[in-house]
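Chain identifiers are assigned alphabetically (A, B, ...) following the order of the sequence lines, protein sequences preceding nucleic acid strands; residue numbering begins at 1 within each chain.
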There are 2 protein chains.
Amino acid sequence: MKKQEELFLDYLTRKRLKNTSQRMIILKAFLRQDSHLSTEDFYLQLRKKHPGIGYATVHRTLKLFAECGIAAERNFGDGQMRFEVRHDNEHHDHLVCTECGRIIEFENQQIEQLQLDVAQKHNFFIKDHRLELYGLCQACFSNDQGNI
Amino acid sequence: MKKQEELFLDYLTRKRLKNTSQRMIILKAFLRQDSHLSTEDFYLQLRKKHPGIGYATVHRTLKLFAECGIAAERNFGDGQMRFEVRHDNEHHDHLVCTECGRIIEFENQQIEQLQLDVAQKHNFFIKDHRLELYGLCQACFSNDQGNI
DNA sequence: TCGATATTGAAAACGGATTTCAAAATACAG
DNA sequence: CTGTATTTTGAAATCCGTTTTCAATATCGA
Ligand SMILES: [Zn+2]
Ligand SMILES: [Zn+2]
Ligand SMILES: [Zn+2]
Ligand SMILES: [Zn+2]
């Protein structure tokens, strides 16, 4: 059993929540995909195999995943909530192509450290942060150049 | 006349838009405040002196400000659009206190440069970015400690 | 097994952004 | 100055993703 599954089941027990078939189906589907899907897109994909599961349940379950730490909630400014699987406690930030929607993940320890420095300088206690670089991925940049 | 006023008037001319009393009132009110107000809050504040101006007009005008570059549109993840005055072409990022809502601005050239490095490494063309550090400002952190 | 409790799915409600539309204001050519 | 085409306005309606409601159903521990 995957580590995330255990974490989720533990969370259910701890909070005296129930282990339902829907939750298990959604959990497995969520862990299987590895993307930054909006609730809507994830629901549409899931529905193909499990038409009985409602949007509300998907939404509530994804929020549970975020609460117990196996999912990260993302918001790339397009008004859609997105979720991705969290692996261990690794952290990363994102390059977001505004043309094709492609998401590239990156990790930069120097930036992370500088964020801490900034916070310290302002006596600020960081709980979370958000860093996104918006622009064009290589493919879309080439296309744009070509079309001029 | 402030530089921003000129920029806005130029923009109106260029786009063949009209110079209305509402737009001028909103412009002056916007330049006078220096905060990160949501459309709603700005509207409520403006309404005290100018009860005749409608929310839709305020909303549309703030968007115009963003288009012509005298306002920056912000989104601190609370589902409210926020606007702040842009001074020249300076850029800054934000520390956001999740307890009291206080916003602290900062500028860190090293972080900015590292972002460019990251983008280059991924052959990505940056058009914009977003960096926010969420947590507790000094006052709220002290309070929280005191209440344990 | 029973019964208290939690969960489900459909539909409704919510909340902020945006659009609609008819009346009013503006720009500008004559 | 007009007159008129065009834009803008404010109120209300609409949009659209998120969240809640609620009655029926499922879970699970005693
Ligand atoms: Zn980071
Ligand atoms: Zn990611
Ligand atoms: Zn920056
Ligand atoms: Zn700012």
Side-chain angles (χ1 to χ4, degrees), chain A residues 8-30 36-68 71-83 101, chain B residues 8-30 36-68 71-83 101:
Chain A
F8 183 58
L9 293 176
D10 284 358
Y11 184 76
L12 293 183
T13 309
R14 192 146 29 90
K15 293 268 182 171
R16 288 173 226 291
L17 303 176
K18 291 176 180 172
N19 183 343
T20 66
S21 64
Q22 289 94 332
R23 281 176 178 164
M24 288 311 114
I25 289 168
I26 295 170
L27 176 62
K28 285 184 197 305
F30 178 66
H36 302 79
L37 288 185
S38 66
T39 309
E40 177 75 12
D41 289 345
F42 179 66
Y43 165 70
L44 291 176
Q45 200 170 297
L46 184 77
R47 196 168 67 168
K48 293 176 194 163
K49 299 256 177 176
H50 301 279
I53 296 182
Y55 181 89
T57 301
V58 170
H59 168 264
R60 288 183 287 226
T61 305
L62 288 172
K63 299 227 89 172
L64 275 185
F65 293 167
E67 274 168 44
C68 78
E73 208 172 317
R74 303 290 186 182
N75 168 0
F76 294 146
D78 61 354
Q80 301 259 124
M81 196 175 268
R82 289 162 189 280
F83 293 86
Chain B
F8 183 58
L9 293 176
D10 285 357
Y11 184 75
L12 293 184
T13 308
R14 192 147 28 91
K15 293 268 181 171
R16 288 171 225 290
L17 303 176
K18 292 176 179 172
N19 183 344
T20 67
S21 63
Q22 289 92 334
R23 282 177 177 163
M24 288 310 115
I25 289 168
I26 295 169
L27 175 62
K28 284 182 195 309
F30 178 65
H36 302 78
L37 288 185
S38 65
T39 308
E40 177 75 12
D41 288 346
F42 179 67
Y43 166 70
L44 291 176
Q45 198 169 299
L46 184 76
R47 195 168 68 169
K48 292 177 195 163
K49 299 255 180 179
H50 300 280
I53 297 182
Y55 181 90
T57 300
V58 170
H59 169 264
R60 288 184 285 226
T61 305
L62 289 172
K63 300 227 90 174
L64 275 186
F65 293 169
E67 274 168 45
C68 77
E73 206 172 317
R74 304 289 187 182
N75 167 0
F76 295 146
D78 62 352
Q80 302 257 126
M81 197 176 266
R82 289 162 190 278
F83 293 87

**OP:** Examine the base of C:dT7 for any acceptor or donor lying under 3.5 Å from a partner atom in the side chain of A:R16, and report the outcome as yes or no.
**Re:**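 No, no donor-acceptor pair under 3.5 Å.
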**OP:** Ignoring hydrogens and angles, answer whether the base of C:dT20 and the side-chain atoms of B:R60 contain a donor-acceptor pair closer than 3.5 Å.
**Re:**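 Flag set: donor-acceptor pair detected.
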Can you tell me if [X] touches the phosphate of [N], counting only side-chain N or O atoms and a distance under 4.0 Å to OP1 or OP2?
| X | N | answer |
| --- | --- | --- |
| B:T20 | D:dT9 | yes |
| B:H59 | C:dA17 | no |
| A:Y55 | D:dT18 | yes |
| B:K63 | C:dT18 | yes |

Original post:
With a 4.5 Å limit on heavy-atom distance, are the side chains of A:R74 and A:F76 in contact?
Top reply: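 Yes, at least one pair of side-chain atoms sits under 4.5 Å.
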Original post:
Is the shortest heavy-atom distance from the side chain of A:Q80 to the side chain of A:N75 under 4.5 Å?
Top reply: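 Side chain of A:Q80 against side chain of A:N75, heavy atoms only: no contact under 4.5 Å found.
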Original post:
Taking the side chain of B:N19 as its heavy atoms from C-beta onward, which of C:dA27, C:dG9, C:dA17 lies nearest to it?
Top reply: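 From the listed options, C:dA27 comes nearest.
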Subject >> Residue B:A56, side-chain atoms from C-beta onward, closest of C:dG9, D:dG10, D:dC28 >> reply: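 That would be D:dG10.
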Subject >> Side-chain (A:R82) to main-chain (A:H36) donor-acceptor, under 3.5 angstrom >> reply: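 The answer is yes, because a donor-acceptor pair under 3.5 Å joins these two groups.
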Indicate, with a heavy-atom threshold strictly under 4.0 Å, whether [X] touches base, sugar-phosphate, or nothing.
| X | answer |
| --- | --- |
| A:K15 | nothing |
| B:R23 | sugar-phosphate |
| B:Q80 | sugar-phosphate |

Original post:
Checking ring pair (Phe, Tyr, Trp, His ring centres under 6.0 Å) for the pair A:F65/A:F83: CA distance, chi angles, key distance, verdict?
Top reply: CA-CA 9 Å; A:F65 293 167; A:F83 293 86; 8.3 Å; no
Original post:
When you look at A:D10 and A:T13, which way does the side-chain hydrogen bond (donor to acceptor under 3.5 Å, both in side chains) test go after all the steps?
Top reply: CA-CA 5 Å; A:D10 284 358; A:T13 309; 5.4 Å; no
**OP:** Take the protein atom CZ of A:F83 and the nucleotide atom P of D:dG17, then report the distance between them rounded to whole Å.
**Re:**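 One finds 15 Å between P of D:dG17 and CZ of A:F83, rounded.
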Subject >> Whole-Å gap separating P (C:dA6) and CD (A:Q22) >> reply: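 About 17 Å, once rounded to whole Å.
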Subject >> Closest-nucleotide ordering on DNA chain C, the 5'-leading residue of A:P51 and A:L64 >> reply: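 The residue whose closest nucleotide sits nearer the 5' end is A:L64.
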Original post:
Between B:D78 and B:K18, who's closer to the 5' end of DNA chain C by nearest nucleotide?
Top reply: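 Upstream on the strand: B:D78.
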